[in-house]
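This report concerns only the one structure given below.
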Amino acid sequence: MARKLKLEEILRGESRNLCVQGEMVGTGIQANRLGLKEVELHLFNLYDIDTGKYFSHNELIEFGKKHNIKVVDTMSVIQFSNDMAPRDV
């Protein structure tokens, strides 16, 4: 999948040191609940390795659009304040 989407080329072409997280969906995976005809990658996180920060949901969507990579379906978006630590959630 990484070769098909040219992920290495995409990530090397970015000005930041990024990591993507996603899930494989489609035929042969968990009963193919989405009814897809082939396996696809759907992103759910975009992370800047150097700063140790995750990109916002909107930035993830823009990254996906820019590189023609699907993002997982959104059920809801919750905005947390920047000073909130994960343990506070």
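These numbers were taken from a predicted model, which means no experiment stands behind them.
Distance check: Met24 CE to Met1 CE gives 4.0 Å after rounding to the nearest 0.5 Å. Note that the CG atom of Leu11 and the CZ atom of Arg16 stand 12.5 Å from one another [nearest 0.5 Å]. Here Ile61 contributes atom CD1 and Thr74 contributes atom OG1; the two are 5.0 Å apart, rounded to the nearest 0.5 Å.
Clustering ILVMFWY residues whenever any of their side-chain heavy atoms sit less than 4.5 angstrom apart, transitively, puts Val71 in a cluster other than the one holding Leu34.
Contact between Leu43 and Val20 at its shortest, heavy atoms only, is CD2-CB, 3.9 Å. When all heavy atoms are compared, the tightest approach of Leu36 to Thr27 is O-CG2, 3.3 Å. The minimum heavy-atom distance linking Leu46 with Leu60 is given by the pair CB-CD1, 3.9 Å. Looking at every heavy atom in both residues, Lys66 comes nearest to Glu14 through NZ-OE2, 3.1 Å. Taking each heavy atom of Val39 and Ile29 in turn, the nearest pair found is CG1-CD1, 4.1 Å. Closest approach of Leu41 to Ile69, counting heavy atoms only: O-CG2, 4.3 Å.
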Show your working on side-chain contact (heavy atoms from CB on, under 4.5 Å) between Val25 and Glu23 and close with a plain yes or no.
-> CA-CA 6 Å; Val25 294; Glu23 63 180 324; 4.1 Å; yes
Show your reasoning for whether side-chain contact (heavy atoms from CB on, under 4.5 Å) applies to Glu8 and Lys6.
-> CA-CA 6 Å; Glu8 183 176 354; Lys6 300 180 180 177; over 6 Å; no
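Each ring pair (Phe, Tyr, Trp, His ring centres under 6.0 Å) pair with one or both residues in residues 49-79, not counting sequence neighbours, appears once here: Tyr47-Tyr54, Phe63-His67.
Atom CG of Asp50 has more than 12 heavy atoms from other residues, nucleotides or ligands within 6.0 Å.
In this structure Lys4 satisfies the salt bridge (Lys or Arg N to Asp or Glu O under 4.0 Å) test together with Glu38, sequence neighbours excluded.
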